[in-house]
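Just so you know, these numbers use all the heavy atoms, side chains as well, and skip hydrogens, waters and symmetry mates. All residue numbers refer to positions in the sequence shown, counting from 1.
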Amino acid sequence: MAHQKFALRLGSWMNKIMSYSSDFRQIFCQACLREEPGSENPCLISRLMLWDAKLYKGARKILHELIFSSFFMEMEYKKLFAMEFVKYYKQLQKDYISDDHDRSISVTALSVQMFTVPTLARHLLEEQNVISVITETLLEVLPEYLDRNNKFNFQGYSQDKLGRVYAVICDLKYILISKPTIWTERLRMQFLEGFRSFLKILTCMQGMEEIRRQVGQHIEVDPDWEAAIAIQMQLKNILLMFQEWCACDEELLLVAYKECHKAVMRCSTSFVSSSKIVVQLCGHILETKSYRVSEDLVSIHLPLSRTLAGLHVRLSRLGAVSRLHEFVPFEDFQVEVLVEYPLRCLVLVAQVVAEMWRRNGLSLISQVFYYQDVKCREEMYDKDIIMLQIGASLMDPNKFLLLVLQRYELTDAFNKTISTKDQDLIKQYNTLIEEMLQVLIYIVGERYVPGVGNVTKEEVTMREITHLLCIEPMPHSAIAKNLPENENNETGLENVINKVATFKRPGISGHGVYELKDESLKDFNMYFYHYSKTQHSKAEHMQKKRRKQENKDEALPPPSPPEFCPAFSKVVNLLNCDIMMYILRTIFERAVDTDSNLWTEGMLQMAFHILALGLLEEKQQLQKSPEEEVTFDFYHKASRLGSSALNAQNIQMLLEKLKGIPQLEGQKDMITWILQMFDTVKRLREKSCLIVATTSGLESIKNDEITHDKEKAERKRKAEAARLHRQKIMAQMSALQKNFIETHKLMYDNTSEMPGKEDSIMEEDSAPVVSDYCRIVLGPKRGPTITEKEVLTCILCQEEQEVKIENNAMVFSACVQKSTALTQHRGKPIELSGETLDPLFMDPDLAYGTYTGSCGHVMHAVCWQKYFEAVQLSSQQRIHVDLFDLESGEYLCPLCKSLCNTVIPIIPLQPQKINSENAEALAQLLTLAQWIQTVLARISGYNMKHTKGENPTMPVLFNQGMGDSTFEFHSILSFGVQSSIKYSNSIKEMVILFATTIYRIGLKVPPDEMDPRVPMMTWSTCAFTIQAIENLLGDEGKPLFGALQNRQHNGLKALMQFAVAQRMTCPQVLIQKHLVRLLSVVLPNLQSEDTPCLLSIDLFHVLVGAVLAFPSLYWDDTVDLQPSSISSSYNHLYLFHLITMAHTLQILLTIDTGLPLAQVEEDSEEAHSASSFFAEVSQYTSGYTGCGIPGWYLWVSLKNGITPYLRCAALFFHYLLGVTPPEELLTNSAEGEYNALCSYLSLPTNLFLLFQEYWDTVRPLLQRWCADPALLNCLKQKSIMVRYPRKRNSLIELPDDYSCLLNQASHFRCPRSSDDERKHPVLCLFCGAILCSQNICCQEVVNGEEVGACIFHALHCGAGVCIFLKIRECRVVLVEGKARGCAYPAPYLDEYGETDPGLKRGNPLHLSRERYRKLHLVWQQHCIIEEIARSQETNQMLFGFNWQLL
């Protein structure tokens, strides 16, 4: 152990020295590389490398650091080290493959540092033939997967072990990544040696994992297919790079071709020697091997054949095909053998599509998918098409087509011998014919490969992009994902995208997309060979739809293809050979024949496409050279009669007939286009002179255009007729509407004139009419309650019901949640259990509130209960993780699927009328002083009752200034009472249920409907919900009443009426006790030891509680009374005025003198009042308040500070009493808002006049409030006071550039862990804390459960709800509670308007303010829980992410 410790320390010490001493570095390198003379032992550094697999992690790290700081810092020694590395490469890789540590801590991972240096790679190739070393290593580590025929078979492979073999393949890629610019003889020789060695691996892969079609019964176990495809993917770029290296030099390419051809032939011996059959059609004969894909063995893996195809294309590109016979003699070339295997592969794909292989299970379907997928197709599917093109260019076209027909097993289908009624067989034949025609289209038409056609790489990429965008506009990432990547993971997309498409920026959601430019649409080819079936039909539909909108015909002919390279020029002869004509004619004849069912519309479309290709080819050739030189005679062959019979027809006649078939209505335009094309070619043929030919071509095109124009005109006429018809119908509807309005004129007049009337009356200033006061909510001038008959439909049973208090309850689905959205003290310690919490008073910092939100969907209470029981039942039978906690009453709203945990009963507003004369009369009697005395007398009386027989130990209620014997216990009743409202039992049950849920969730305690804190929590959630909604409206700059969402409006209305009803379900004595405690804040006479000081509570909560609890003072043992409308209007007015005055004092005492405010006139009335009032207050507070603050500053601060409170009060009283608010609060008029609030709430606009009005009564209260020792203590410690208006919370400020965050994360060190393990730094967007996520080191225990750092942080920072940003992944995560969360798009976008989750694309990212704002609103609208529930609903997984350990 001591030696080990010493060695590690020594290694670290040497590292340090070598970082600044180059001499020591060189001495160290020399010493490590020196071999002992005459000894077999390797040098020191090699010994250390060979020991690597036996060392433990810490020692390995120090060894690798030593190599980095010594050998890799000196280029000469790096070269020598690389040579040692290659010398022992095989042993090192074998050790790594049997090792159990990750690649990152193995010495083999250093290969990338050496093999990617171009000069070093070339040196290693010349000196040690590193390619051979790597390929031999591969052959040595893979023999366990070889079968009897020396082919790979990966059945039952070990995923981990094979994953380690990929590292060796990667090293080969590193060596090949930089092509040599200068070829020496030695380099050429060594490379060819390496290439031969690589061909050995490909030989083992050629024809591996052969399969046979299952007939009769389904395969029992799906074979392993992933390993073979994965190796194919790993080798894709290596194969391409080998081909590119070969193509650097003509000689090299020809030798490599010869070697590859030899290897293919060696693998095809069985084919050459087997029995033959003869195929005959149209007088042509083909002798070929009797082989059927549907019966014999077939393999999808043919890397040798495909490499040969790649080399052939590169020969064609260099123009060296003419020299090929020098290396491969014609008699040895045997093109039929080369074509055979790729053709089998394509036939296999066709048969899979025709569902002939469905008994072979999913593994084959997966292989076929990858065969054509962008990840593999370059070295699989594409090369097979090229190989067939090579075959078509070198074979007789008729023989080639006979071979294709034979392999597709379709010779019978075209021999006219087939007559079957078996629908499955017919469908199978039709699919095979379609697949074969499609491949023929690809062989003739797909020329966009440099070397096959005269095109460049850029043109190829542009064509790929064009065809992708023909499907639909796509984001940059989707286009990049559908393009093949080269060895450097580049697609070439950026260089060409702007030539073919325009970028459209994204909005608040979604991503930016590229839209195809109109001029690129002409290049659309419906049979583009990289389209999948769905992409093909989508693109066809989109293009036809577009042409229809532009009033063009719906024909989609092929675009003019580029010319073939000379080596491939003979491929076009396929089009005009006898058998092709026979195939086309047969298809058309079957379509015309009413009895035949061996054709489909898709097949005809393909046949039309082939016709179009032939005509285009002939037209192009005729326009380029004189007629007598053009041997391509497609037109003549197509015009020839099919036979010598009397009723024989040529293709044009058949097309004319097809035009008349009703099922082919959709193909009419295409047939017309082809017939016009026949006409054009005919005219070009008739003119022998080239110049005349081109002009006549133009004429014919003109004629084409004339017929086109006629069709266009016809289309236009139809469109115009349809438009006029629509106009006529709209006019009729409009007339009917007018008629209806005329007949129901009275109703319309009433509704439209209501607001107007009030305005005119207000302006005239005439004698007071009721509507004059209708926009006041408090006091004797209170306006009438606007109540409407509410008939709602239950979303579950679809039955309607009117909302009445005597009816069965209807409910809104709702969600109650803890919230810190308004906190002024983020991260304030929270009691995780509320057993001892007293929620009557809310702290002014609003640290934790209980928010109630509803999605506004209505159900009968009974229906909801049944639904909830059904959900419980079904969840017991489910196996996957539940999305919601049924024990906590959670469920998903049946309609919108948002998460809910309770229901709010819908209780109608009780209409209340005030007789204005009585109210005015009462105003004389009931002043504030008298009202206070009455209330105190009532409370005193209750206290006497409750303490009968004991000495009252309550505070003295009356002091000399206020005492008056005229007030006694029953005085309060004399101002007007009425009997209490009687609710139906169903409503009462729902009220109790909802109140208990609020109590349970708000305090995190078990449900207990008898707990005295239940009503407190009801009032608290009412107040907090209003404050949250007011804050949100202010944040968005929306009007107070005009912009409420329907769900907010319905939720608030239901919540307030529920709170009124909830009082009835509790013992009134309890409510009275709570009320006395609430009133003690503003009436010092009631003060007890637990009365909080004025600065340590939120007065809006006090207002809501006091107003809702006040009717309990009217209750008596004998009678159940409540205040009449007049009484309650005064109660509300005086309670509101008292609490508003207390709040005014609160604001002025906590005023912040350091704020820059816009100055108003110093000598305004408000400023004078403010100065004098503040001077008065300063006397009472023993000088703790600041002196010398100007009056205007006090006034502006007060106005700003009290506005949120007034807005909340307006919302509260509106939903409590239903009085219409003033117009200014419904529209967005900031300047008129304050005055409108004051008039609605019966306040003077100069709030100091309120004090003047009640000065005699309020002055002693002011003195008592200010003299409170707790209040004076608060004033001393200014730092912890909450100031008004409270600051609006927002998510933390994020840097514009995402790399700044990554830098921040790179400096992050976990506070609890000393090792340098890679951490997952996560940023809290509420408070900016960086946490160590998903790591054991930072887990905490909460209530006996282990939770991750993020979940623990969320409990304190956001009451369990929080938003985090995973910095290293650029992912936003929303969490709620301990076990729920979801991913959310990050607000960082790249230049293409897309997010980059996992930073996979690596584009520079910048903050999108709109997206970040949207995330902020999700939080402020309390929709985080909803987002999580929706996300989990859509992404249900059996074993999801363990959020608890985040």
Side-chain angles (χ1 to χ4, degrees), residues 1-35 42-89 91-117 120-121 124 164 167-168 170-171 174 1302-1303 1305-1310 1313-1321 1332 1335 1337 1368:
M1 284 303 289
H3 281 124
Q4 285 184 29
K5 265 271 177 17
F6 175 71
L8 293 181
R9 294 271 172 86
L10 184 65
S12 305
W13 177 73
M14 281 178 162
N15 264 330
K16 221 177 254 175
I17 295 179
M18 283 191 283
S19 63
Y20 54 78
S21 168
S22 64
D23 293 348
F24 183 74
R25 251 201 314 268
Q26 290 176 12
I27 294 165
F28 177 80
C29 293
Q30 284 167 10
C32 286
L33 288 165
R34 194 169 56 234
E35 291 185 16
C43 65
L44 281 173
I45 196 67
S46 300
R47 264 187 272 174
L48 275 171
M49 282 196 288
L50 291 166
W51 266 94
D52 185 73
K54 299 184 181 74
L55 297 177
Y56 53 86
K57 207 169 170 182
R60 288 187 190 195
K61 281 186 175 174
I62 284 178
L63 167 62
H64 301 168
E65 280 166 17
L66 259 180
I67 293 170
F68 268 108
S69 56
S70 55
F71 291 98
F72 286 2
M73 303 303 281
E74 306 282 336
M75 194 56 208
E76 191 50 43
Y77 289 107
K78 187 172 185 177
K79 188 192 274 185
L80 294 168
F81 174 78
M83 290 173 78
E84 285 294 316
F85 182 81
V86 173
K87 195 193 284 184
Y88 297 103
Y89 183 83
Q91 189 55 47
L92 290 172
Q93 286 294 5
K94 285 175 185 170
D95 289 347
Y96 164 64
I97 286 167
S98 50
D99 190 13
D100 59 349
H101 275 312
D102 285 346
R103 165 106 168 136
S104 58
I105 45 171
S106 161
V107 75
T108 56
L110 300 180
S111 61
V112 66
Q113 300 288 337
M114 296 167 277
F115 293 171
T116 50
V117 180
L120 200 46
L124 292 172
R164 289 171 181 271
V168 187
C170 254
D171 283 349
Y174 295 146
L1302 287 171
N1303 287 339
S1306 66
H1307 296 134
F1308 171 72
R1309 290 282 169 272
C1310 171
S1313 155
S1314 54
D1315 65 2
D1316 57 349
E1317 274 292 296
R1318 188 177 161 84
K1319 303 294 180 192
H1320 298 275
C1332 167
N1335 239 325
C1337 55
R1368 288 212 170 109

Colleague: Under 3.5 Å, is there a donor-acceptor pair between the side chain of Asp95 and the main chain of Ala53?
Modeller: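 Looks like no, no N/O pair under 3.5 Å.
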
Colleague: Got a sec, which residues hit ring pair (Phe, Tyr, Trp, His ring centres under 6.0 Å) with Phe24, two or more places apart in sequence or on another chain?
Modeller: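 Per chain and number, Phe24 pairs via ring pair (Phe, Tyr, Trp, His ring centres under 6.0 Å) with no residue.
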
Colleague: Going by heavy atoms in the side chains, are Ile67 and Leu63 under 4.5 Å from each other?
Modeller: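 Ile67 reaches Leu63 side chain to side chain.
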
Colleague: Is there a side-chain contact (heavy atoms from CB on, under 4.5 Å) between Ser22 and Arg25? Walk through the geometry before answering.
Modeller: CA-CA 5 Å; Ser22 64; Arg25 251 201 314 268; 3.4 Å; yes

Colleague: Distance from Leu44 atom CG to Leu33 atom CG, nearest 0.5 Å?
Modeller: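 Atom-to-atom, Leu44:CG and Leu33:CG are 9.0 Å apart.
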
Colleague: Pairing donors with acceptors under 3.5 angstrom, does anything connect the side chains of Glu84 and Tyr89?
Modeller: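 Result is no, nothing qualifies.
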
Colleague: Counting N and O atoms only, with roles assigned by atom type, does the side chain of Ser106 sit under 3.5 Å from a partner on the main chain of Arg103, one being a donor and the other an acceptor?
Modeller: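 Flag not set: sc Ser106 to bb Arg103 has no pair under 3.5 Å.
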
Colleague: Take atom OH in Tyr56; do more than 12 heavy atoms of anything else shown fall under 6.0 Å from it?
Modeller: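 Counting other residues, nucleotides and ligands, OH of Tyr56 exceeds 12 neighbours.
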
Colleague: Between atom CZ of Phe28 and atom CG of Asp23, what is the distance when rounded to the nearest 0.5 Å?
Modeller: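 Interatomic distance, Phe28 CZ to Asp23 CG, rounded to 0.5 Å: 15.0 Å.
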
Colleague: Between atom SG of Cys43 and atom CG of Leu48, what is the distance when rounded to the nearest 0.5 Å?
Modeller: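 Answer rounded to 0.5 Å: 9.0 Å.
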
Colleague: Check this for me, if you would: do Asp99 and Arg60 make a salt bridge, where the nitrogen-to-carboxylate-oxygen distance has to be below 4.0 angstrom?
Modeller: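 Between Arg60 and Asp99 there is a salt bridge, with a charged N closer than 4.0 Å to a carboxylate O.
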
Colleague: State whether the side chain of Arg47 and the backbone N or O of Pro42 hold a donor-acceptor pair below 3.5 Å, judged by distance alone.
Modeller: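 Such a contact is found between Arg47 side chain and Pro42 backbone.
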
Colleague: So how far is it from Gln113 CD to His64 NE2, rounded to the nearest 0.5 Å?
Modeller: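 It is 12.0 Å, given to the nearest 0.5 Å.
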
Colleague: Looking only at non-hydrogen atoms, find the nearest pair between His101 and Tyr96 and report the distance.
Modeller: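 The pair with the smallest heavy-atom distance is O-CE1, 4.2 Å.
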
Colleague: Measure the OG-OH distance between Ser111 and Tyr174 for me, rounded to the nearest 0.5 Å.
Modeller: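 Ser111 OG to Tyr174 OH: 6.0 Å, rounded to 0.5 Å.
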
Colleague: Working to the nearest 0.5 angstrom, can you tell me the gap between Ile105 CD1 and Lys57 NZ?
Modeller: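 Going from the CD1 atom of Ile105 to the NZ atom of Lys57 covers 5.0 Å.
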
Colleague: List in chain and number order the residues that pass ring pair (Phe, Tyr, Trp, His ring centres under 6.0 Å) with Phe81, two or more places apart in sequence or in another chain; answer none if no residue qualifies.
Modeller: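 Partners of Phe81 by the ring pair (Phe, Tyr, Trp, His ring centres under 6.0 Å) criterion, ordered by chain and then number, come out as Phe71, Phe72.
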
Colleague: Closest approach of Ala1305 and Arg1368, non-hydrogen atoms and distance?
Modeller: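 That would be O-NH2, 3.8 Å.
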
Colleague: Tell me whether the guanidinium CZ or amine NZ of Lys16 lies under 6.0 angstrom from the six-membered ring centre of Trp13 and within 45° of its axis.
Modeller: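 Judged by the rule (NZ or CZ under 6.0 Å from the ring centre, within 45° of its axis), Lys16 is not positioned above Trp13.
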
Colleague: Any Lys/Arg nitrogen of Glu35 or Lys87 sitting under 4.0 Å from an Asp/Glu carboxylate oxygen of the other?
Modeller: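 Yes, this pair counts.
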
Colleague: Around Lys5, counting heavy atoms of other residues, nucleotides and ligands shown, do more than 12 lie under 6.0 Å from its NZ?
Modeller: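 Atom NZ in Lys5 is not packed in, count stays at 12 or less.
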
Colleague: Tell me every residue that passes side-chain contact (heavy atoms from CB on, under 4.5 Å) with Ser69, counting only those two or more places apart in sequence or in another chain.
Modeller: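 Ser69: side-chain contact (heavy atoms from CB on, under 4.5 Å) contacts with Asn15, Met18.
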
Colleague: Show the nearest heavy-atom pair for residues Ser12 and Ile62, with the distance to one decimal.
Modeller: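 Scanning both residues, the minimum pair turns out to be OG-CD1, 3.6 Å.
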
